[in-house]
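Below you'll find the structure, written out as structure tokens, and then a few comments.
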There are 2 protein chains.
Amino acid sequence: MPCDEKKRRSLCPVTFALDQVGDKWSLLVVRDLMLLGKKTYGEFLESAEGIATNVLANRLKCLEAGGIIEKARDPENKRRYLYSLTEKGFDLTPILLEMIRWSAHHDSDAGIPKDFLDMIENDRERLIAKVRAGMTL
Amino acid sequence: MPCDEKKRRSLCPVTFALDQVGDKWSLLVVRDLMLLGKKTYGEFLESAEGIATNVLANRLKCLEAGGIIEKARDPENKRRYLYSLTEKGFDLTPILLEMIRWSAHHDSDAGIPKDFLDMIENDRERLIAKVRAGMTL
DNA sequence: GAGATTACTTGTATAATGCAAGTAATATTT
DNA sequence: AAATATTACTTGCATTATACAAGTAATCTC
């Protein structure tokens with residue numbers, strides 16, 4: 001179980017970000033919340049990458065401890081929790097979009113909708129606003 | 001030793017990026033090359049975060065295999081190698097800059113020079129050009 | 001009340017990391 | 001020219017994280 005709240009490897013801002021979301025799984029949970037409209041444990045588990053259930057539980061705990069996501073009981077089904085991004089979590093949007101842009105340029109079988117890519121490159125602010133407003137891919 | 005060239009967890013562009021640089025160390029090597037003017041194994045080892053020598057060796061190999069950095073003998077000292085970013089590596093600049101921006105906003109003791117932050121937010125393209133041209137912090 | 005959902009936890013084998021020490025090639029010093 | 005120092009690693013081993021399978025507790029449906 002990582003997410004040692006205390007341990008900070010350095011004061012570098014790049015390191016600050018990596019210490020919180022610099023692993024192979026955290027940003028995929030963020031992606032699910034930010035771009036794919038997923039909200040529950042079960043939905044995250046179903047994602048194509050096949051995260052292990054204990055790793056998912058750990059990442060949700062770490063992301064919540066880091067103030068990136070929030071957890072609330074689903075009022076309509078009390079055995080379910082609804083996860084959501086905090087402001088700090090939504091502020092990761094530009095990082096995710098730049099990762100998508102990088103992959104669009106360097107992954108031969110990227111398959112990113114052209115209009116989405118255009119929007120990243122030419123209308124970033126509006127795209128970010130739409131993501132924040134709940135737009136889903 | 002990760003960097004399984006073959007293994008791809010999914011076709012998602014976020015995953016594509018994470019599969020290559022989604023760990024706690026790779027982007028720190030990129031940062032050293034991109035923003036701190038470091039070029040050699042010994043310089044990377046000295047970075048504040050304290051990377052282990054075997055992990056550094058592995059990351060350099062993976063980044064090179066992924067076409068993100070290149071390795072060349074130093075003509076002036078043949079026991080030394082000079083590492084540098086490829087185009088693909090330089091294209092990570094926006095991701096790094098967005099990480100720095102995120103940290104500037106969410107890390108209370110961020111200590112990022114104000115003019116650098118202003119430049120990220122208001123004059124991105126010129127900043128990226130300067131980084132590519134070899135600007136160092 | 002019995003069975004199904006949902007969100008986890010636990011156990012265990014495998015893999016990655018951290019740390020200390022060692023090696024090989026080239027360069028410098030004496 | 002021999003001895004020492006640099007530089008870029010590799011190796012071995014203890015610790016930690018991950019993957020996989022199975023189990024549990026609370027709530028819901030029938």
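Just the heavy atoms: all of them, side chains too, but no hydrogens, waters or symmetry mates, feed the values below. A, B, ... follow the sequence lines: proteins, then strands. Residue 1 opens every chain.
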Fill in: Single hit among A:R59, A:R31, A:K24 for salt bridge (charged side-chain N to carboxylate O under 4.0 Å, His left out) with A:E49
A:R31

Discussion item. Whole angstroms only, please: what is the CG-P distance between B:D74 and D:dT6?
Written reply: 17 Å

Worksheet item: With a 4.0 Å cut-off on heavy atoms, is B:Y83 in touch with a base, just the backbone sugar-phosphate, or nothing at all?
Response: sugar-phosphate

Worksheet entry | Residue A:R79, side-chain atoms from C-beta onward, closest of C:dA27, C:dG18, C:dT6 | C:dT6

Practice prompt. To the nearest Å, give me how far apart CG (A:N58) and P (D:dA17) are.
Written response: 9 Å

Worksheet item: On DNA chain D, nearest-nucleotide positions of B:G42 versus A:N77: which is more 5'?
Response: B:G42

Response to the item:
DNA chain D nearest-nucleotide lookup for B:Y81 and A:D23: closer to the 5′ end is B:Y81

Discussion item. For the backbone of A:G67 and the side chain of A:T86, can you confirm whether one donor and one acceptor N or O come within less than 3.5 Å of each other?
Written reply: yes

Discussion item. Rounding to an integer number of Å, can you tell me how far A:R80 CZ sits from C:dA4 C1'?
Written reply: 13 Å

Worksheet item: Is B:N54 touching bases, backbone alone, or none of the nucleic acid, heavy atoms closer than 4.0 Å?
Response: base

Discussion item. Considering every strand and a 4.0 Å limit on heavy-atom distances, what is the contact class for A:T53: base, sugar-phosphate, or nothing?
Written reply: base

Worksheet, complete the sentence: The nucleotide from C:dG18, C:dC8, C:dT6 with an atom nearest the side chain of A:K71 is C:dC8

Worksheet item: What nucleotide, of D:dA19, C:dG18, C:dC8, holds the atom closest to the side chain of B:A52?
Response: C:dG18

Worksheet, complete the sentence: Rounded to whole Å, CG of B:L28 lies from C1' of C:dT17 at a distance of 15 Å

Worksheet, complete the sentence: Separation of D:dA25 atom C1' from A:R73 atom CZ, nearest Å, is 11 Å

Fill in: Over-ring placement of A:K39 relative to A:Y83, 6.0 Å and 45° cut-offs
no

Worksheet item: What residues, two or more places apart in sequence or in another chain, satisfy ring-ring contact (aromatic ring centres under 6.0 Å, His included) together with A:F16?
Response: B:W102

Worksheet item: Please, which pairs that meet salt bridge (Lys or Arg N to Asp or Glu O under 4.0 Å) have at least one residue in residues 84-100 of chain B, sequence neighbours excluded?
Response: A:R124-B:E98, B:E87-B:R132, B:D91-B:R132, B:E98-B:R101, B:E98-B:R124

Discussion item. So B:Y41, base contact, sugar-phosphate only, or nothing? Heavy-atom distance under 4.0 Å.
Written reply: base

Item to complete: Output the single nucleotide from D:dT27, C:dT17, C:dA7 whose closest atom is nearest the side chain of B:R59.
Response: C:dT17

Item to complete: Write down the distance between NZ (B:K39) and C1' (D:dT7), rounded to a whole number of angstrom.
Response: 17 Å

Worksheet entry | Nucleotide D:dA21, atom C1' - distance to CG of A:L56 in whole Å | 16 Å

Worksheet item: What is the distance from CG of A:L82 to P of C:dT5, rounded to the nearest Å?
Response: 19 Å

